[in-house]
Amino acid sequence: MNQTANQLKPTQIAERIDFLDVLRGIAIQFIFMANILTFSGIFFFAATFRNPKAVWASDELIDFISFALIDGKFYSIFSLLFGIGCMMQYQKLKKSNKPFASFFNSRMFWLLVFGLIHLVGFWMGDILTLYALLGFLLVFFKDTANKKLLTFAAILILMPLLNWFIIHFIKFDYPQFFFQKSLDLWNYFGYPPSEYNGESFVDMLFYMNNVNWVDFFKMNLSIAFVRIGFILEEGRVFKVFGIFLIGLWAGRKILNEGLLSNIKFLKKVAFIGIGIGLPMSIVRTYFVFFGGQSTMISFLNTLNYALSTVPLALGYAALLAIIYYKKPAILNCIAPAGKMAFTNYLMQTAISIVIFYKLGFGFAGQFGFTVITLIAISIFLLQVLFSTIWLKYFRFGPLEWIWRQLTYKQLIKIRK
């Protein structure tokens, strides 16, 4: 499997755009700050279970602010980067007269393998599987005109509203199939369900308190179907693919028209995105925290999510691009974590399992929101340090290196 002049080769360091690595690093940090709440068990254990020393007066405020500013926004930025990366790879191969579809499909196949292992074996919040499946479709839009890309994106981002009507008014609750399949597997394996308002669910307390690895993998297989159900229930498939398409448009603009140095345009995106998205996100957060469980509140949540998350994510990305253009040194320290985003994302799962689950130290349910947030920040700072040291000696992160070799079907040198 020696490299030849005619073979595809991975992106070289000199070809990377540093800001995109910075943005990827920031996105992976805030995705973790959202995910660690589930890892920590704070939603599943009673408040009385928490260690009084880890419950701070700032918890409720941190919870509200984090949900308003973070929830959904940074996996949206990660989705944007996915589309940008796809377009950059396409244009690189196109200039070299090399086939793109076979390369990208190979890349998505191996991402799907990693994603399914992560989803079914370790973490119900996995995003890799969804990205890989939608990535197979993204190939067909690589030559779509810019105007059509944005039109399709806008339609897809609003599709969760139609999805809500199908589930709640037409009464075609198709995600329920996956929730029931999860419970059926849970019961089949002989685990005790939890009860709420007369309905049975998988018992997350039992899951997090488990100390047997075989049972851990069996329970994860069951819980994976819960993840599928939630993705379909909230219409995330449509939204993610819509942002992928915006990413294709942005990637084209970055490469062909210098989008990242167009400060006037970036200021406009930041002003409009944050100006629309932030108030809507605060309203949505209020509904989620204080609105109750009525059908109207459910619809308003869906509406606010559609109108707030993507604009605010785009506003964040544009604002960070402006800051980076003016003061790159402030953010460049984060770039190594972004270059190793795949490795760091999966490391976050491993670290969280060790810290919170009974298979590890068993701290689930013991901390308040403030302490959990500080833990997430501390772990990411360690990942930035680890990534910086690693990349002094190696060209790629360890999992990035494995993924590249599988994609390119080559032995690729990892040491510098």
Side-chain angles (χ1 to χ4, degrees), residues 21 24-45 49-51 53-54 62-63 66 70-71 74-75 78 111 114-129 131 204-205 207-213 215-217 219-220 223-224 227 333-391 393-394 396-403:
D21 287 323
R24 194 174 289 110
I26 291 171
I28 210 71
Q29 157 62 3
F30 283 101
I31 288 171
F32 184 44
M33 287 179 67
N35 287 345
I36 198 173
L37 296 177
T38 302
F39 279 125
S40 73
I42 196 167
F43 299 131
F44 312 121
F45 288 78
F49 185 81
R50 296 175 198 168
N51 186 328
K53 295 180 181 179
I62 293 293
D63 185 16
S66 296
I70 296 173
D71 184 70
F74 289 90
Y75 88 75
F78 211 67
L111 183 64
F114 281 112
L116 286 172
I117 293 171
H118 189 222
L119 171 65
V120 174
F122 297 94
W123 168 229
M124 66 173 288
D126 170 75
I127 60 172
L128 304 178
T129 303
Y131 277 30
M204 294 300 294
L205 288 177
Y207 166 69
M208 301 195 82
N209 284 319
N210 163 64
V211 294
N212 183 284
W213 279 101
D215 288 329
F216 175 73
F217 291 121
M219 285 187 274
N220 271 307
I223 295 171
R227 171 65 167 174
C333 61
I334 301 173
K339 292 176 182 177
M340 290 176 49
F342 186 35
T343 295
N344 286 324
Y345 173 68
L346 295 179
M347 279 179 60
Q348 288 166 357
T349 295
I351 293 169
S352 297
I353 290 172
V354 170
I355 293 175
F356 296 111
Y357 293 12
K358 272 291 176 65
L359 289 164
F361 297 126
F363 286 118
Q366 297 187 31
F367 304 134
F369 284 95
T370 307
V371 173
I372 292 168
T373 299
L374 292 174
I375 291 172
I377 293 170
S378 300
I379 290 171
F380 181 69
L381 291 176
L382 290 174
Q383 288 190 309
V384 170
L385 178 62
F386 169 72
S387 301
T388 302
I389 295 171
W390 179 275
L391 291 173
Y393 303 99
F394 301 100
F396 314 107
L399 290 178
E400 285 80 2
W401 176 61
I402 294 171
W403 187 18

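All residue numbers in this chain count up from 1 along the given sequence.
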Output the distance between atom [atom1] ([X]) and atom [atom2] ([Y]), rounded to the nearest 0.5 Å.
X	Y	atom1	atom2	answer
Tyr345	Asn35	OH	CG	6.0 Å
Asp215	Tyr207	CG	OH	12.0 Å
Asp126	Tyr131	CG	OH	10.5 Å
His118	Thr129	NE2	OG1	9.0 Å
Ile26	Ile31	CD1	CD1	12.0 Å
Lys339	Leu391	NZ	CG	6.5 Å

Do other residues, nucleotides or ligands put more than 12 heavy atoms under 6.0 Å from Tyr393 OH?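 Check fails, neighbour count at 12 or below.
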Do other residues, nucleotides or ligands put more than 12 heavy atoms under 6.0 Å from Phe217 CZ? yes
Where is the tightest heavy-atom contact between [X] and [Y], given as atom of each residue plus distance?
X	Y	result
Val384	Cys333	CG1-O, 3.4 Å
Met208	Phe39	CE-O, 2.9 Å
Leu119	Arg227	CD1-CG, 3.8 Å
Phe49	Ala364	CE2-O, 3.3 Å
Met33	Ile36	O-CG2, 3.5 Å
Arg50	Phe367	CD-O, 3.9 Å

Would you mind reporting whether Met347 and Ile379 have side-chain heavy atoms less than 4.5 Å apart?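 Contact flag for Ile379/Met347 side chains = no.
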Using the side chain to side chain contact (heavy atoms under 4.5 Å, CB included) rule, take Met204 and Ile223 through it: C-alpha gap first, then chi angles, then the decisive distance, then the call. CA-CA 9 Å; Met204 294 300 294; Ile223 295 171; 3.9 Å; yes
Is it true that Gln383 and Gln29 share a donor-acceptor pair across their side chains at a distance under 3.5 Å? no
Pair Tyr357-Asn210, side-chain donor/acceptor within less than 3.5 Å: no
Please check: side-chain N/O of Thr343 versus main-chain N/O of Leu399, any donor-acceptor pairing under 3.5 Å? yes
Donor-acceptor contact present, side-chain Asn220 to main-chain Gly121, <3.5 Å: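 Such a contact is found between Asn220 side chain and Gly121 backbone.
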How about Phe114 and Phe342: are their ring centres within less than 6.0 Å of each other?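 Aromatic pair counts; centres sit under 6.0 Å.
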Check the pair Leu128, Leu346 against side chain to side chain contact (heavy atoms under 4.5 Å, CB included), reporting the backbone distance first and the verdict last. CA-CA 10 Å; Leu128 304 178; Leu346 295 179; 3.9 Å; yes
Side chain to side chain contact (heavy atoms under 4.5 Å, CB included) between Phe216 and Ile353, worked out: CA-CA 11 Å; Phe216 175 73; Ile353 290 172; 3.9 Å; yes
Run the ring-ring contact (aromatic ring centres under 6.0 Å, His included) check on Trp403 and Phe396 step by step: do they pass? CA-CA 10 Å; Trp403 187 18; Phe396 314 107; over 10 Å; no
Take Asp63 and Ile42 through the test side chain to side chain contact (heavy atoms under 4.5 Å, CB included) and record every step on the way to the result. CA-CA 11 Å; Asp63 185 16; Ile42 196 167; over 6 Å; no
